2 protein chains.
Amino acid sequence: MGRETPVNHVEAERQRREKLNHRFYALRSVVPNVSRMDKASLLADAVSYIKDLKAKVEELEAEAKRARKESLLEQGISSGGGTPTSATTTLCGGPVAIELDVKLLGPDAIIRLQSENMAHAPSRLMLALRDLDLVVHHATVSGIKEAVVQDVMARVPEALLGEYNLRSALLARLDKGS
Amino acid sequence: MGRETPVNHVEAERQRREKLNHRFYALRSVVPNVSRMDKASLLADAVSYIKDLKAKVEELEAEAKRARKESLLEQGISSGGGTPTSATTTLCGGPVAIELDVKLLGPDAIIRLQSENMAHAPSRLMLALRDLDLVVHHATVSGIKEAVVQDVMARVPEALLGEYNLRSALLARLDKGS
DNA sequence: CGGCACACGTGATAC
DNA sequence: TGTATCACGTGTGCC
């Protein structure tokens, strides 16, 4: 039958070239010292430039690390003031301080979790929600110093309906993810 | 009259192509995390990478200058300073449509993730953040129907500084957690 | 004239 | 099956 007009192919190739050339132009805009307008030279210059930047970054990072250690030393010496570090290591035996509030509105739930700022609290709650198949509609999490508070609005699967059920399941999941 | 055999022309063009491809290969060797083997993507990644390196250099230089002044003054001002900002945006066409935007402000990052409303998107991002040791200061997630958008403010570990690095690491983690 | 660099259309090919 | 990318040969303009 009639050939599927190859004009599409031509046009596609044209767009591809156009895109490529645009990328080349973008590359030119970020690489200084573009001696030749030549594409090959541009690529070569880009490579050298990247190598230069890499070396520079590495050098500066080493210097920064050095400076940081100095700074840490200074801090360690001058740490005569009151430090707010409590960090009672009672994580193991004792349960972490947690306050969990669950309210149901029809099939949806409003969940409020306030706890110590343990490591990666947000991922913990989100994992618990995921494991229980709660569909998150909206969530906020804010952490300051030693405390973190999370508010979540989500849809609850029928099997978990009932504030007590939901709260228990959430607490179990939260403890489990220690 | 008889055509002056264009074999020279052909051969010249062939060598030119060969040279260009070699340059492309060289560029690949200095740009990390080249997701696609595609030439256009390589150029785009190279541009992002160069921008990122530039920002990193600028940031580190500012920090070095600041550290130098601190060292000279021997004064301990709070280090929660704001350093100049830079921006990076790209789009990743994987199994799911994802748009990830990362902005660095000194040691902190502002992360914006917009994606399809796949199952449990929030836990995914939070897991990625946890795995990368980002300390989340504030986060919001809102989902409606087929789309979900997440905004996060978090502290970035030194090893991950650089928008390109951070973005790549996040993308990798997000893909991994399918 | 000839070297050089580019854009174009085309066939092949992978997903 | 269409939709991507790529390499190739060719035409064209510029020193």
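Throughout, a chain's letter reflects where its sequence line sits, starting with A, and its residues are numbered from 1. The model shown is predicted, which means the values in this text are computed figures rather than measured ones.
Nucleotide D:dT5 holds its P atom 13 Å from the CG atom of A:N21, rounded to whole Å. B:H22 places its NE2 atom 19 Å from the C1' atom of D:dC6, with the value rounded to the nearest Å. Here the P atom of nucleotide D:dG9 and the CZ atom of B:R16 are 14 Å apart, to the nearest Å. In this structure, CD of A:Q15 is placed 15 Å from P of D:dC6, rounded to the nearest angstrom. If you measure from atom CG of B:D38 to atom P of C:dC15, you get 14 Å, rounded to the nearest angstrom. Following rounding to the nearest Å, B:L43 (CG) and D:dT5 (C1') show an atom-to-atom distance of 14 Å. Note: CZ (B:R36) to C1' (D:dA4) measures 12 Å, nearest angstrom. Between the CD atom of B:E11 and the P atom of D:dA7 there is a distance of 16 Å, rounded to whole Å.
Counting heavy atoms from C-beta outward, B:K56 and A:K56 have side chains that stay 4.5 Å or more apart.
Between B:R17 and D:dG9 there is a side-chain polar atom (N or O) within less than 4.0 angstrom of OP1 or OP2. Phosphate contact (OP1/OP2 of D:dA4, side-chain N/O of A:K19, threshold under 4.0 Å): absent. OP1 and OP2 of C:dG2 both lie 4.0 Å or more from every side-chain N or O belonging to B:N8.
Ranking C:dT10, C:dG9, C:dC6 by closeness to the A:R14 side chain, first place goes to C:dG9. Minimum atom distance to the side chain of B:H9 is reached by D:dT10, of the listed D:dT10, D:dT5, C:dA7. Side-chain proximity of B:V10 to D:dG9, D:dT12, D:dC6: nearest is D:dG9. Checked against D:dA7, D:dC6, D:dG9, the side chain of B:E13 finds its nearest nucleotide in D:dG9. Nearest to the side chain of B:K39, among C:dA7, D:dA7, D:dT5, sits D:dA7.
A donor-acceptor pair under 3.5 Å is absent between the side-chain atoms of A:Q114 and the main chain of A:Q150, judged by distance alone.
The existence of a salt bridge linking A:R16 and A:E13 is confirmed by a sub-4.0 Å separation between a basic side-chain nitrogen and an acidic carboxylate oxygen. Checked for salt-bridge contact, A:K54 and A:D52 miss the test: no charged N lies under 4.0 Å from a carboxylate O.
With a 6.0 Å cutoff to the six-membered ring centre and a 45° limit on the axis angle, B:K39 counts as a cation-pi contact of B:F24.
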